[in-house]
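Take a look at the structure below.
Keep in mind that the numbers below use all heavy atoms, side chains included, and drop hydrogens, waters and symmetry copies.
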Amino acid sequence: MLRKTLCRMAPALAGVLLASGIGSGTRAYAVLGPGEIPRDALLSNNRSALGVFYSITGKVSYSVDAAGSNDASQTIQVQKPSAAALVTKAYLMAATVYGGGIIPDGGVTLNGTDVTWEESVPGPISNYNHRADVTALVKPIVDAAAPGLIDFTITEPYGTGAIDGEVLVVIFTDPAVTSDRTVALMFGGQATTGDTFTITFAEPIDPSAPGATADMGLGISYSTGGSQHSTIDVQGQRLSSAAGGYDDGFYGNGMLITAGGIGDSNANPPDPNEIGDSAYDDELYSLLPFIDASTTVVTVDTLNPSNDDNIFFAYFYFSTAAVVSQDITLAPLTAENPVGTSHTVTATVVDEAGAPVAGAHVTFDVIAGPNLGDSGEGDTNTTGQVSWTYTDAGGAGTDQIQASFVKNEQTIYSNIVTKVWSGEPSGDCAPLEVVFVWD
């Protein structure tokens with residue numbers, strides 16, 4: 001009760017937090033400065049690894065924004081890219097401060113509607129990170145709006161001092177996008193002692209080609225920048241030494257949040273070794289300087305030397321079909337065929353070391369498009385693969401297909417692939433016999 005009472009106090013007192021004895025049955029309290037944890041704090045070791053929860057390849061674009069405040073309400077925005085863009089998915093994420101507990105359903109509201117969490121997972125600083133699917137709330141508003149910025153209102157009944165802020169990410173199907181793009185979203189709690197992303201391109205990206213894109217964004221809480229920072233290396237080269245801060249919030253516990261997105265530039269920090277202040281790095285990056293026209297695999301490493309920041313969200317946007325580190329992947333990432341024909345997709349299941357998993361039971365589902373509801377299943381072979389073939393019966397349009405399997409009683413989802421059905425049915429047609437009869 002004391003912790004909750006303190007979290008509801010004025011911002012000046014929001015630094016008074018549970019400081020030690022997390023989960024031990026004994027609790028001690030201390031006044032902590034912004035983004036600080038006690039020097040002798042024993043941080044949680046059961047944090048949930050950052051993993052992909054949504055990935056799609058096709059004519060897609062995205063919007064990301066973050067907001068943190070100890071006011072009664074705050075504004076978070078969506079950037080609608082074009083008039084014809086339609087919302088495919090929308091997610092809201094929230095992170096509690098050091099020692100913060102699980103936010104109950106309704107502990108955060110979006111436009112006055114209680115948010116129901118899909119996931120509430122342990123973070124790396126004895127906190128909890130939360131994710132909710134808010135598509136049903138966001139889609140009607142954004143689809144009907146003109147291109148540009150659209151405001152949404154967030155409140156935090158759970159206690160504004162207990163929550164550092166929220167991130168809102170929206171994925172669009174966008175006819176204005178002229179070539180296939182991949183969006184991959186990751187959620188969890190990045191290890192402060194270092195974590196790695198591995199990205200595989202279906203085809204290399206030529207950095208000099210018009211429209212070439214290889215962007216990465218991070219969502220970070222409980223960081224002030226400066227001495228509280230994270231480093232990012234790409235292909236073994238330093239990209240930034242200043243990730244973190246409160247670019248989308250304010251300097252104070254309950255307001256320390258940043259995410260690369262609206263209003264940010266993918267221009268990388270000018271000096272990758274500079275440990276600047278909060279504003280030196282906006283957490284939106286381009287990976288193009290680290291690849292060439294033959295690169296097919298990219299490795300990204302992060303590290304939090306201060307051991308007190310919470311990287312709970314990451315996303316990637318590529319001008320090619322790509323797969324980011326996942327236990328199950330689905331291919332081909334995109335394809336086009338005449339209506340009425342068949343299409344085969346292949347799922348590959350691997351373990352934590354990347355080795356194939358045999359005997360995994362995989363389910364395939366068409367989750368959107370003219371063949372919505374079609375499904376199949378099968379077990380992986382010794383190479384960790386299983387295929388599924390289905391025939392178009394819904395006519396022209398674009399199917400979205402996803403595979404899944406159960407691991408440790410948790411359903412693990414693959415990337416989403418797209419299948420475009422176009423034109424007229426193929427195949428041989430019987431000759432048409434016309435008989436004219438005159439009286």
Side-chain angles (χ1 to χ4, degrees), residues 46-58 88-89 91 116-122 131-133 135 171 182-189 195-200 202 297 314 316 321-335 337 341-394 398-421:
N46 66 336
R47 60 102 193 174
S48 179
L50 210 64
V52 173
F53 68 91
Y54 182 85
S55 178
I56 186 171
T57 298
T88 294
K89 278 290 184 180
Y91 295 97
T116 300
W117 305 111
E118 284 191 318
E119 286 189 278
S120 298
V121 302
R131 178 176 66 83
D133 186 330
T135 309
I171 307 302
T182 295
V183 176
L185 309 178
M186 306 184 77
F187 170 77
D195 252 338
T196 299
F197 308 121
T198 301
I199 304 145
T200 302
V297 178
F316 298 90
V323 172
V324 181
S325 307
Q326 286 175 264
D327 293 329
I328 178 171
T329 58
L330 195 60
L333 300 179
T334 184
N337 277 74
T341 58
S342 296
H343 179 55
T344 299
V345 292
T346 299
T348 302
V349 179
V350 297
D351 61 19
E352 290 80 359
V357 175
H361 189 72
V362 174
T363 299
F364 301 88
D365 292 287
V366 179
I367 61 173
N371 296 287
L372 173 66
D374 278 9
S375 64
E377 56 187 286
D379 296 334
T380 57
N381 58 22
T382 55
T383 66
Q385 294 186 326
V386 58
S387 297
W388 174 58
T389 301
Y390 75 106
T391 301
D392 170 50
T398 301
D399 284 340
Q400 295 181 11
I401 312 161
Q402 190 171 43
S404 63
F405 77 110
V406 176
K407 176 182 177 182
N408 298 329
E409 299 183 351
Q410 180 182 3
T411 301
I412 307 297
Y413 294 96
S414 76
N415 54 302
I416 297 171
V417 302
T418 55
K419 176 64 177 180
V420 179
W421 303 101

Would you give the length of the straight line joining atom OH of Tyr390 to atom OG1 of Thr341, rounded to the nearest 0.5 angstrom? 9.5 Å

Rounded distance (nearest 0.5 Å) linking atom OG1 of Thr344 with atom NZ of Lys419: 9.0 Å

Residues two or more places apart in sequence or in another chain: which of them pass side-chain hydrogen bond (donor to acceptor under 3.5 Å, both in side chains) with Asn371? Asp392, Asp399

Please check if the distance between the ring centroids of Phe316 and Phe197 is under 6.0 Å. yes

For the backbone of Ile416 and the side chain of Gln402, can you confirm whether one donor and one acceptor N or O come within less than 3.5 Å of each other? no

By side chain to side chain contact (heavy atoms under 4.5 Å, CB included), which residues pair with Thr200, not counting sequence neighbours? Val297

Taking every heavy atom of Val324 against every heavy atom of Ala184, the minimum-distance pair comes out as CG2-CB, 3.6 Å

Parallel, tilted or perpendicular: which describes the rings of Tyr54 and Tyr91, with under 30° parallel and over 60° perpendicular? tilted

Gln385 side chain reached by Thr380 side chain, heavy atoms, under 4.5 Å: no

Which residues share a side chain to side chain contact (heavy atoms under 4.5 Å, CB included) with Ser342, sequence neighbours left out: Thr389, Thr391

CG of Leu50 to CG of Leu185, rounded to nearest 0.5 Å, is 11.0 Å

Any sub-3.5 Å donor-acceptor pair from Thr57's side-chain atoms to Thr182's backbone N or O? no

Between Glu119 and Phe187, the two heavy atoms sitting closest are OE1-CD2, 3.6 Å

What's the spacing between Asp365 CG and Gln400 CD if we round to 0.5 Å? 12.5 Å

Identify the heavy atoms of Trp117 and Ala132 that sit nearest to each other, and give their distance. CE3-CB, 3.6 Å

Between the CG atom in Leu333 and the OG atom in Ser55, the distance rounded to the nearest 0.5 Å is 8.0 Å

Run the numbers on Ser404 and Thr363 for side-chain hydrogen bond (donor to acceptor under 3.5 Å, both in side chains), then give the verdict. CA-CA 5 Å; Ser404 63; Thr363 299; 4.8 Å; no

Minimal non-hydrogen separation, Val121 against Gly188, with atom names: CG2-CA, 4.2 Å

Measuring from Thr346:OG1 to Phe364:CZ, what's the distance to the nearest 0.5 Å? 7.0 Å

Looking at every heavy atom in both His361 and Phe405, which two are closest together, and how far apart are they? O-CB, 3.3 Å

Using a 4.5 Å cut-off on heavy atoms from C-beta on, say whether the side chain of Asp374 contacts that of Trp388. yes

For the student: nearest non-hydrogen atoms of Thr329 and Asn415, plus distance: CA-OD1, 3.3 Å

Start with the C-alpha distance between Ile328 and Lys407, add both sets of side-chain angles, then the distance that settles side chain to side chain contact (heavy atoms under 4.5 Å, CB included), and finish with yes or no. CA-CA 11 Å; Ile328 178 171; Lys407 176 182 177 182; over 6 Å; no

